[in-house]
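Residue numbers start from 1 in every chain, and the chains themselves are labelled A, B, ... in the order their sequence lines are given, proteins ahead of strands.
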Amino acid sequence: MTIGITPGTFPTPMAYTPSEIEPKWQEYWQREETFRTEIDHAKPKYYVLDMFPYPSGDGLHVGHPEGYTATDILARYKRMQGFNVLHPMGWDAFGLPAEQYAIKTGTHPRITTQKNIENFKRQIQSLGFSYDWSREIDTTEPGYVRWTQWIFRRLFERGLAYQAEVPVNWCPELGTVLANEEVIDGKSEVGGHPVVRLPLKQWMLRITHYAERLLEDLEDLDWPEPIKKMQRDWIGRSEGARVLFRLETNDEAELEVFTTRADTLFGATYMVVAPEHPLVEGITSEAHKADVDAYIEKTRRRSERDRMADQGEKSGVFTGAYAINPVNHERLPIWIADYVLAGYGTGAIMAVPGHDERDHAFATKFQLPIVEVVSGGNVEEAAFTGQGEAVNSDFLDGLDTAEAKRTIHAWLEENKVGEASVTYKLRDWLFSRQRYWGEPFPVIHGSDGQTRLVPDEDLPITLPDLEDFRPTGDDFEAPLARVPEWLDVADPETGKPAQRDPNTMPQWAGSCWYFLRFLDPHNSEAPFSEEAERYWMPVDLYVGGAEHAVLHLLYARFWHKVFFDIGLVHTREPFQKLVNQGMILGESYRYYDDNPDDLPDQDVRVYSHEEVEMGEDGPVSTADGKPLKARWMNQQDLTSNPENGEWSHPEHPNLALERVMEKMSKSRGNVVNPDDVVSDFGADSMRLYEMFIGPLEKSAPWSTDGIQGIYRFLQRCWKLVNEEDGDSERLRSFASKATPEQARLLEQTIQGVTEDIEAMRFNTAISKLMILVRDIQSQGPPTQEAAEKLCLMLAPMAPHMAEELWQRLGHDQTLAYEKWPEVDESLLGEEEITIVVQINGKKRDELKVGVEASAETIESMALESERVQAALAGKDVKKVIVVPGRLVNVVV
RNA sequence: GCCCGGGUGGCGGAAUGGUAGACGCGGACGACUUAAAAUCGUCUGGCCUUGUGUCGUGCAGGUUCGAGUCCUGCCCCGGGCACCA
């Protein structure tokens, strides 16, 4: 572990040169395997994890390293605190973009993925993160896929994986089905393509079996409250009752509904079933069959998006059938309407238009009766959804809503026509995709119609090489369905012909358990060893973007609970503490022009934001309503006006530009590439700057000017240790003894920086280090001890600089495992403190008093002060408040 | 519509109910230099009559000796959910 340069004098470089020292230390860490981690029962563990990236072709943008820097600071800090730190990195490498690129160019996704991984790894390594690269994993590697498939087997064996004909979100553009969570406003989350609902046979995972536990166990997690809330809302627990309605014409079948307001049962005036409801066909009368079929056909054809569009507007048809209300035996007409969702509750409702807004709107439109059964509103005008006294409800009359619910629930049970029940919004997880670039399912479909698991010893099932990666759009088949030599196999049990499953798993599969594979990534006997799991789990700190609030984080928790149930893991939850980093926004300058279709050779007029307003289809000119298009310019492409220092368009110097801060994207021209930042300022500046611009959780704009200040700070750190000596540099001469002020400043900084890092307030930690570097030299050189402690405090944040200075200060070992500085309380205290003197809460004077001064002394000193005397001017002092160590407030 | 966040100088942002604006950027002035850059130093919320004057943390109130911070009502921005019975 010897570094191999004699400390003391140094050849060039003369000044702080990140391009020299950063590669040097990165090579050193790699060569010495500085951050390689093994199980060590003598030390406490700390598992700090980043959400591993999808290695896209665009490479890293400056948003990625924000989270990675935060976790790296914690990892390095915890090492110095004596923890055995697990800090791994890997690649979530299955996924759509590589496949879409393959469709466009014919390049195999494996090639693209490998290339992208190499680029990502190079970029991440250039930032000096202390990952244990011996644990690197790639979800597409057969050695990883094997265990993902192994886990699927466990799910299947426990009945948690099943195939079903379900209405799915089919996205023709992407040629695949999507999970509900991946559909936003009727469009695909990726790419924003339209989505239609179609019944297809798919793999499903029974996440609903875990709904209650997924909800309950959120309680003890140290997660941001909004994320917990989003998960709670997604799970959507709802307490109510199931009620059975007999059908008028059919004694066999019953219509079951779920309601949260069983207390309004007497107010039900009709029933509604979802168009997909299985009972529809059986109950529809001959006279209404044509209408019903037409309606079903129409709603089926409509995309989710169309449905969203006429939000609120109700549609439906009468089936001709009637149900009997169990409480009063009234005939209730059964309607079909798409405002009742097949996937929620029982797919059927009792409609109480007096006390439900949707039912009210529907009843009004189709002139169905509205009955008041809870007093407190005017049900003719609008549904009254609040609590109140039950009326027109026979044995419920006079009861308040809560009491009425209890009573009716008991009545339903007694009469065997229903019971109290809990329903969840959460639905089973649609787990198959009609794609190529994913994990194949470890199953075969026998000619007897049975689905059998492929034995563990035959895993992994790997993907065949393809030329054509397109899904077959018309009959919705996966690309693998076209590969008979892969698809057709012999059933190992019967020897008869059988087929593999042409679908693949969604991208989430690999990320559901990668944090467990990191514990023991080379294990070929098991996904990970019991010893490793017992030692390392749970993840102590997990940092990533808030966009995974209900997708990855819910799926991973679900799998983890299954693992817990089969004894694979010993914790109920995988991620004890979660932190969401904010986004780093790009800066650009916006204006508009009247060439929305980008036609060439046009006589284009430009508009400033002041001349533009938002029309229905985009920006238009305020003056004449002409459609316009927004244009964005990067600051680099603007010219600076020498007179007022403002930025302007090189061709339109008088055009007022609007400074906008947005998510970085190619179209805005506001993307900052970390490679450029590293080459201009170095990785340490990049790391520090990203931590300095604001709290980790908050979004903040990237500014090229701002990073200059950080670079200057690092130069000052450099000069604190080195000084020029002719053409070379040498260690500066340090003071042999610190002044009391210097000693106090150092201890205060240690205390503050330690607290800030613990609380992940990196911005204020950095500002405290800036103050230390500035002020410790104001009365002369610092001591070597102070310089060394500065290095140690700098080490988690600017590790290259810290290692280099540490070496120059005469150490021949990395500082990665040096002890974090401790506060010497005896040096911390001030001898004299400043007390603020207020009169009626307004500052009027300051007093310097000894730290030991009593409240009485301070009070009398304050009252005697000239300014107070002058301000009092004979008025009576009503009250004096003394806050020890802070202030005196004189009330007159 | 509902549910979360958040509104503090020219900008990013600091402030256990106790000196609002730490730290950084930008700006001004000064030092060094033939000069510039770099570096270092001083100043930098607004206003005025330049006084340790006055106003200031989205707006209007309230609690308090004292409010950026707590309470009530409103305005604006960002995000999430959106026929869930």
Could you verify whether a donor N or O on one side chain and an acceptor N or O on the other, from A:Tyr711 and A:Asp680, lie under 3.5 Å apart? no
Find out whether A:Tyr295 and A:Pro275 are in side-chain contact, i.e. whether some heavy atom of one side chain is under 4.5 Å from a heavy atom of the other. yes
A:Arg886 side chain, from C-beta outward: closest of B:U39, B:G18, B:A85: B:G18
Separation of the P atoms in B:C11 and B:G17, to the nearest angstrom: 27 Å
Under 3.5 Å between N/O atoms: give me all the protein pairs with nucleotides 3-8 of chain B, atom names plus distance.
{"residue": "B:C3", "atom": "O2'", "partner": "A:Lys229", "partner atom": "NZ", "Å": "3.0"}

NA contact type, A:Thr423, heavy-atom cut-off 4.0 Å: base, sugar-phosphate, or nothing? nothing
How far, in whole Å, is B:G30 from B:A20 if one measures between their C1' atoms? 29 Å
Pairwise C1' distance, B:U33 and B:C77 [rounded to whole Å]: 49 Å
Quick one: sort the A:Phe258 and A:Tyr344 rings into parallel, tilted or perpendicular, breaks at 30° and 60°. perpendicular
With a non-hydrogen cut-off below 4.0 angstrom, is A:Val891 in contact with a base, only sugar-phosphate, or nothing? sugar-phosphate
Measure the acute angle between the ring planes of A:Tyr16 and A:Trp718, then classify it against the limits of 30° and 60° as parallel, tilted or perpendicular. tilted
Contact class for A:Ile349 vs. all strands (heavy atom < 4.0 Å): base, sugar-phosphate, or nothing? base
Taking Watson-Crick and G-U wobble contacts under 3.5 angstrom, with | marking pairs to another strand and [ ] crossing pairs, the secondary structure of RNA chain B is written (((((((..(((.....[....)))((((((.......))))))((((..).)))..(((((..]....))))))))))))....
Considering only the P atoms, how many Å lie between B:G68 and B:G9, rounded to the nearest integer? 14 Å
Span that lies between the C1' atom of B:G58 and that of B:U64, in whole angstrom: 23 Å
Is it true that A:Lys768 and A:Asp756 have a side-chain N and a carboxylate O under 4.0 angstrom from each other? yes
Protein heavy-atom contacts under 4.0 Å, written 5' to 3' over nucleotides 20-28 of chain B as B (base), S (sugar-phosphate only) or - (none), form the string --BBSSS--
Nearest-angstrom distance, P atom, B:G27 to B:C32: 22 Å
Nearest-Å distance once atom C1' is located in both B:C70 and B:U63: 8 Å
With a 6.0 Å cut-off on the ring centroids, do A:Tyr339 and A:Phe362 count as close? yes
